[in-house]
Asks: 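Handing you this structure, nothing more for now.
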Protein chains: 2
Amino acid sequence: MTDGAQTEKPTLRTLAQATGFAVATVSRALSGDPRIAAKTRAKVSEAAARLGYVPDRAARRLRTGRTQVITLLLHTEHEFLGFTHELLSGITEALDGTGYSVTVVPDSPGADRLAPVRTILRNNLADGLLFTRIETFDPRVRFLMEADFPFVSHGRTEFAAAHPWVDFDNEAFARAAVSHLVARGRRRLGLVLPGEKYTFTQHLRYGFLSAVREAGIDHQIVADVTLDSPHDEIAAALTAARRGPAPPDGYVCVGEVTALVALAVLADTGAVHGVDADIVAKRASPIFDDIRPRIASVREDLRATGHAMAEMLLRRMRGEPPEQLHRLFVPQPRFDVPGR
Amino acid sequence: MTDGAQTEKPTLRTLAQATGFAVATVSRALSGDPRIAAKTRAKVSEAAARLGYVPDRAARRLRTGRTQVITLLLHTEHEFLGFTHELLSGITEALDGTGYSVTVVPDSPGADRLAPVRTILRNNLADGLLFTRIETFDPRVRFLMEADFPFVSHGRTEFAAAHPWVDFDNEAFARAAVSHLVARGRRRLGLVLPGEKYTFTQHLRYGFLSAVREAGIDHQIVADVTLDSPHDEIAAALTAARRGPAPPDGYVCVGEVTALVALAVLADTGAVHGVDADIVAKRASPIFDDIRPRIASVREDLRATGHAMAEMLLRRMRGEPPEQLHRLFVPQPRFDVPGR
DNA sequence: TAGCGCTATTGAAACGTTATAAATCGGTGC
DNA sequence: GCACCGATTTATAACGTTTCAATAGCGCTA
């Protein structure tokens with residue numbers, strides 16, 4: 001108890017006493033203020049390192065209003081396999097060592113998607129926001145642009161004003177998928193789309209339709225279900241289509257789940273993958289290499305995506321204008337067909 | 001500018017002015033202190049609701065030392081499909097409305113697993129901790145018990161002292177898996193285990209071995225690879241075993257990935273699932289229903305797990321003793337074989 | 001009516017930081 | 001010798017909350 005003071009958590013006052021400078025000087029020295037003499041700065045940093053000083057986040061936050069927190073709105077309804085894991089890993093990786101921490105808040109697409117954003121701004125819970133599943137005129141994007149609050153969206157909008165985004169080129173994916181299937185002689189392609197409101201749905205549809213038209217082949221966009229529908233509903237819709245007069249002989253699948261469902265439907269209706277129909281898919285996880293029969297697929301690297309989003313957000317928070325802040329991940333033109 | 005005061009973020013002082021009480025009174029009234037007159041409390045709450053008062057987290061944190069943050073250490077190396085997504089969804093769900101937020105910090109099993117924990121305690125970054133992939137004598141558990149810091153582990157340890165945990169009964173799973181395969185006439189079972197250090201590895205091995213011995217059948221624990229090994233290494237090991245003198249006719253798979261790899265190995269070596277061998281698996285995501293051939297599986301409900309972990313942590317943080325705080329999810333005794 | 005004991009309220013201090021404005025100091029110019 | 005200057009440093013206030021110790025009010029008892 002007598003020497004307890006030694007183990008106390010060091011604060012600016014501790015450093016001030018240790019160096020002989022005033023608290024204010026120490027603070028400014030640590031922040032690298034050029035108006036503090038270089039020698040003083042060196043002394044203070046040395047003492048800080050020696051005593052293991054770490055600034056108190058709460059105090060800094062109270063004083064400056066900055067939280068040192070970045071929040072990810074986590075889409076809860078549906079998951080592309082591994083999406084959350086990979087994206088989060090990329091984000092934490094990029095933020096490692098920056099002093100920022102990542103909090104996760106659920107984004108329930110059924111509920112008001114704006115509500116969590118409002119709460120975060122109102123209660124000052126974060127300095128920046130990341131979110132996914134962007135709508136063409138996403139209310140969150142509109143709100144945040146008006147509030148001039150830093151964010152990066154995973155996906156684009158159709159607003160006129162520029163905002164930071166990272167996206168995967170789903171139009172190119174759809175085109176490539178179609179031409180892959182066409183090259184294999186397929187003449188009637190099926191597609192299950194995500195919900196109508198999402199921007200990437202428009203990109204997928206456009207890419208798919210224009211490629212299909214250019215190739216002069218037939219197509220079918222499966223009605224009444226989306227990627228987020230329960231598996232059995234997707235299966236039912238695909239089964240109905242297979243039993244119809246002109247079943248597709250090729251499928252473009254936007255996620256692993258749809259691909260697996262399509263594969264199951266083929267099997268369950270007595271069709272053989274590679275013979276009666278081919279499937280190509282976009283995947284986030286490496287599991288496709290292990291699926292038999294092998295499915296051709298293109299990988300969306302969500303770890304890299306998360307990394308890029310977090311880095312871009314840091315830049316935006318540092319004040320960079322949004323005009324240059326966007327990045328489109330373009331899929332490899334060739335589909336990986338897992339090796340023999 | 002003249003009426004700008006109206007839009008200022010309300011603080012305790014605002015409420016004090018609005019109600020005529022002192023700041024201290026308002027604070028205590030809102031915290032429900034019984035020494036404040038009921039009428040006063042009512043008045044204050046009414047004003048708080050009317051003005052939309054929300055306590056400032058930074059200020060509260062600075063004053064009390066409590067962060068209102070719960071941190072999840074996210075195991076980055078390997079993911080059981082959907083694990084992260086489901087677990088996180090369960091956690092955020094349980095914490096919704098409690099005022100706690102969830103931050104995510106990477107837990108790299110290659111690196112020092114204790115390091116992030118040390119940082120969190122030292123810099124007071126959270127009030128409680130959740131983590132997975134528990135080792136038999138997990139250094140994080142030991143450290144946190146010594147520091148008397150609230151946490152809930154996803155998995156048990158072999159320490160004598162009690163600590164809060166949530167776990168899945170992997171021993172029961174292994175037993176059930178074996179008896180399922182035995183009932184189908186299988187006589188030589190293969191198993192791929194997680195890394196040796198993890199507690200659940202011991203549970204799986206014990207359950208597997210004792211069930212196998214009771215049934216008087218043969219077995220093979222695949223050597224040199226773990227669940228976390230690269231897919232191709234697992235595949236190579238399984239393939240080698242299949243080509244050996246006595247290939248297994250049944251596989252117990254602890255995750256989706258292993259199951260898919262095993263299935264692929266069967267296909268690639270010309271064996272037929274359901275004829276030459278059967279696979280049973282533990283799964284976290286619902287995708288198994290879509291795999292063909294159908295694989296019998298038991299589900300570990302990670303959303304419920306996350307929910308239970310977060311709720312338990314809240315109770316622990318409220319001061320409940322650890323002795324009663326644990327919960328074992330026992331698998332359904334029957335394996336789901338996806339319906340026809 | 002003075003004093004007591006109780007309830008309800010309050011003033012002030014503190015948590016650790018940063019920003020503003022002011023102070024210190026050696027040297028310069030006149 | 002005095003006012004002034006630039007370069008450093010410092011005292012102080014403030015961010016919004018909680019809590020300790022003190023105060024005010026008031027009905028009761030002696």
Asks: Rounding to 10 degrees, work out the angle separating the end axes of the helix from C/dT1-D/dA30 to C/dC30-D/dG1 (five pairs an end).
Replies: 80°
Asks: Below 4.0 angstrom, N of the basic side chain to O of the carboxylate: do A/Asp107 and A/Arg113 qualify?
Replies: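 Yes.
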Asks: Where the side chain of B/Tyr53 is defined as all heavy atoms beyond and including C-beta, which of D/dT9, D/dT17, C/dT17 is the nearest nucleotide?
Replies: D/dT17
Asks: Can you tell me how far C1' of D/dC15 sits from CZ of B/Arg57, to the nearest Å?
Replies: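 Roughly 17 Å, once rounded to whole Å.
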Asks: Tell me which nucleotide among C/dG11, D/dG16, D/dT18 gets nearest to the side chain of B/Arg60.
Replies: D/dT18
Asks: Sorted by first residue and then second, give each side chain to side chain donor-acceptor pair (under 3.5 Å) pair with at least one member in residues 88-98 of chain A; sequence neighbours left out.
Replies: A/Glu93-A/His307
Asks: How is A/Ala59 classified with respect to the nucleic acid when contacts are heavy atoms under 4.0 Å: base, sugar-phosphate, or nothing?
Replies: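 Base, at least one base atom sits under 4.0 Å.
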Asks: Got a donor-acceptor contact below 3.5 angstrom from the B/Arg13 side chain to the B/Ala22 backbone?
Replies: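 Flag not set: sc B/Arg13 to bb B/Ala22 has no pair under 3.5 Å.
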Asks: Distance-only, no hydrogens or angles: does the A/Arg303 side chain make a donor-acceptor pair with backbone N or O of A/Leu87 under 3.5 Å?
Replies: no
Asks: Looking at B/Glu146 and B/Arg142, does any basic side-chain N land under 4.0 Å from a carboxylate oxygen?
Replies: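 No.
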Asks: Output all residues satisfying ring pair (Phe, Tyr, Trp, His ring centres under 6.0 Å) with A/Phe329, sequence neighbours left out; order by chain, then residue number.
Replies: none
Asks: Would you list the atom pairs, donor with acceptor, under 3.5 Å between side chains in residues 158-166 of chain B and any protein atom, with sequence neighbours excluded?
Replies:
unit_1	atom_1	unit_2	atom_2	d
B/His163	NE2	B/Thr157	OG1	2.9

Asks: Which of residues 27-36 of chain B have a heavy atom under 4.0 Å from DNA chain C?
Replies: B/Arg28, B/Arg35, B/Ile36
Asks: CD of B/Gln68 versus P of D/dT17: gap in Å, rounded?
Replies: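 That distance rounds to 13 Å.
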Asks: Between D/dT10 and A/Thr25, is there an OP1 or OP2 to side-chain N/O distance shorter than 4.0 Å?
Replies: yes
Asks: Quick one: side chain to side chain donor-acceptor pair (under 3.5 Å) pairs with a partner in residues 14-28 of chain B, sequence neighbours left out?
Replies: B/Arg28-B/Asp33
Asks: Pick the nucleotide of DNA chain D nearest each of A/Thr64 and B/Arg66; which residue has the one closer to the 5' end?
Replies: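 Nearer the 5' end of the strand: A/Thr64.
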Asks: Mind checking A/Ala37 for me? I need base, sugar-phosphate or nothing, with any heavy atom below 4.0 Å counting as a touch.
Replies: sugar-phosphate
Asks: Less than 4.5 Å apart, side chain to side chain, heavy atoms only: is that true for A/Thr71 and A/Leu125?
Replies: no
Asks: Which nucleotide wins on minimum distance to the side chain of B/Arg13, given the candidates D/dC15, D/dA11, C/dT10?
Replies: D/dC15
Asks: Does A/Arg63 get its side chain close enough to the base of C/dA19, under 3.5 Å, for a donor-acceptor pair?
Replies: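 Result: no qualifying N/O pair found.
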